[in-house]
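Okay, structure first, notes after.
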2 protein chains.
Amino acid sequence: MLKLEDMAKKIEEFKNEKEIFLEHIQKAGLRRTAQRDLILEIFLRTEEHLTSEDLYWLVQKEDPSVGHTTVYRTLKLLTEAGLAREVRFGDNKTYYEHHYNHEHHDHIICTECGKVVEFFSPEIESMQDAVAHKFGFIPTHHSLRLWGVCEDCQHKANESHPTMASGAQPRVRVKTIAGN
Amino acid sequence: MLKLEDMAKKIEEFKNEKEIFLEHIQKAGLRRTAQRDLILEIFLRTEEHLTSEDLYWLVQKEDPSVGHTTVYRTLKLLTEAGLAREVRFGDNKTYYEHHYNHEHHDHIICTECGKVVEFFSPEIESMQDAVAHKFGFIPTHHSLRLWGVCEDCQHKANESHPTMASGAQPRVRVKTIAGN
DNA sequence: CCGATTATTGAAACGGTTTTCATTAAAAGA
DNA sequence: TCTTTTAATGAAAACCGTTTCAATAATCGG
């Protein structure tokens, strides 16, 4: 696919997400504001997992008058609207990732290096629904995270630190997209 | 089973858990202290999901000199030793539950009333391991939570508040043990 | 267009978790 | 036993996420 087409698709996608946002705003009886527009705009530009604080600093660069709270609340709003998704990896921070036009997925996290791989398992999904129904619940959403030692870190362990146990949570986070 | 037998079994269980704890202490080169003994003792007596703060107040009654921090750190220690397990239900609090001699399980949480049902699905478990291996990970642990509307709340919704959406997180938490 | 209404904003406070640091005390060695 | 070493303790601070509240600004009605 040509770069031009990629960009066109991206722009189209953004438009859709902005429409979804405005629709959600209207349906909930909320108000459109310059701050919300700007925060959404910058969120859409950024593909990585980011925290409210991360996004706040990006927003700061374009409008220093916007506060932490507004960014925080707008991310919650985007989550309600289905455009964002909250995600936690065990370092006591809340990350947000794009949700609209992104396939639903879960995460597997390396306990050694913090690498995050996204995966989707239709079998697990359907069994979750089955379990919910078995207990009389109408399922709304779920959270599944797996932890383990990734291939790279298994090799590292063999080489130099054979007895090094998993210690503090790592700082580096590599995001890997992995299809099913 | 007679109550006497129950109690005897309970006492035996406690002894085992204390042994596990001491073993873990030794292996990790840590030290046995009066505070840790007391905190473990009181944790073992209490079967419900409790927070570090909850446990702190129980400990206070028996030894007011023990601080929040020590309770917090001892719970982490018990988690490492496999005697406790951290659990979050979405109210931004960390609960601890017994883990040793308790079957591994996941949770399904009612978004309306906060009821928590424990369940175990061997099928889901093995599929999780399969996914981990597929991506080259050696799995260590996982976290699965399902949310939905429980049977009671479905009926409630039909009766009186047909349009009431799920709002703030509930205070009341009913713990239900449900076998497979 | 103007005023009334009411959602939004941002600073600051709050709440729970985690870390820091000076002090205390457990274990190990002489 | 006495000394040395080093982990554990508890108060306080730091940290992130969330809520509160007075001030502001978007929408609505006239």
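Note that the structure is a prediction, hence the values are computed from the model and not measured. The chains referred to below are lettered A, B, ... by the order of the sequence lines, with proteins before strands, and numbering in each begins at 1.
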Side chain to side chain donor-acceptor pair (under 3.5 Å) against B/His133, all qualifying residues, sequence neighbours excluded: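 Result, side chain to side chain donor-acceptor pair (under 3.5 Å) vs B/His133: none returned.
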
For B/Asp129, side chain to side chain donor-acceptor pair (under 3.5 Å) partners two or more places apart: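 If we apply the side chain to side chain donor-acceptor pair (under 3.5 Å) test to B/Asp129, skipping adjacent residues, there are no hits.
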
Electrostatic pair A/Arg85:A/Glu118 at N-O distance under 4.0 angstrom: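 Looking at A/Glu118 together with A/Arg85, the answer is no, because their closest N to O distance does not fall below 4.0 Å.
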
Least distance between heavy atoms, A/Ile109 atom then B/Phe137 atom: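 Closest pair (atom of A/Ile109, atom of B/Phe137, distance): C-CE2, 3.8 Å.
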
Reported CG-to-CD distance for the pair A/Leu78 and A/Glu17, which is rounded to 0.5 angstrom: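 So the CG of A/Leu78 and the CD of A/Glu17 are separated by 9.5 Å.
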
Contact under 4.0 Å: A/Asn92 side-chain N or O vs C/dT17 OP1/OP2: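 Looking at the OP1 and OP2 atoms of C/dT17, neither is under 4.0 Å from any side-chain N or O of A/Asn92.
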
Atom-to-atom span, [atom1] of [X] to [atom2] of [N] - whole angstrom:
X       : N      : atom1 : atom2 : value
B/Glu53 : C/dT18 : CD    : P     : 13 Å
B/Phe89 : C/dG16 : CZ    : P     : 17 Å
B/Asp91 : C/dT17 : CG    : C1'   : 13 Å

Sugar-phosphate, base or nothing in reach of A/Thr94, heavy atoms under 4.0 Å: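 The answer is sugar-phosphate, as A/Thr94 gets under 4.0 Å only of primed atoms, P, OP1 or OP2.
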
Under 4.0 Å protein heavy-atom contacts per nucleotide of nucleotides 5-15 of chain C, with B for base, S for backbone only and - for none: -BBSBBBB---

Segment of DNA chain D, first to last nucleotide, that comes within the 4.0 Å heavy-atom reach of chain A: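 In short, chain A contacts DNA chain D from D/dC16 to D/dT27.
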
Contact list for residues 64-84 of chain B, test ring pair (Phe, Tyr, Trp, His ring centres under 6.0 Å), sequence neighbours left out: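 Listed by first then second residue: B/Tyr56-B/His68.
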
Flag if over 12 foreign heavy atoms under 6.0 Å of CD, B/Glu19: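 For B/Glu19, atom CD is crowded (more than 12 foreign heavy atoms under 6.0 Å).
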
All ring-ring contact (aromatic ring centres under 6.0 Å, His included) counterparts of A/His107, not counting sequence neighbours: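 By the ring-ring contact (aromatic ring centres under 6.0 Å, His included) rule, A/His107 matches A/His49, A/Phe89, A/His105.
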
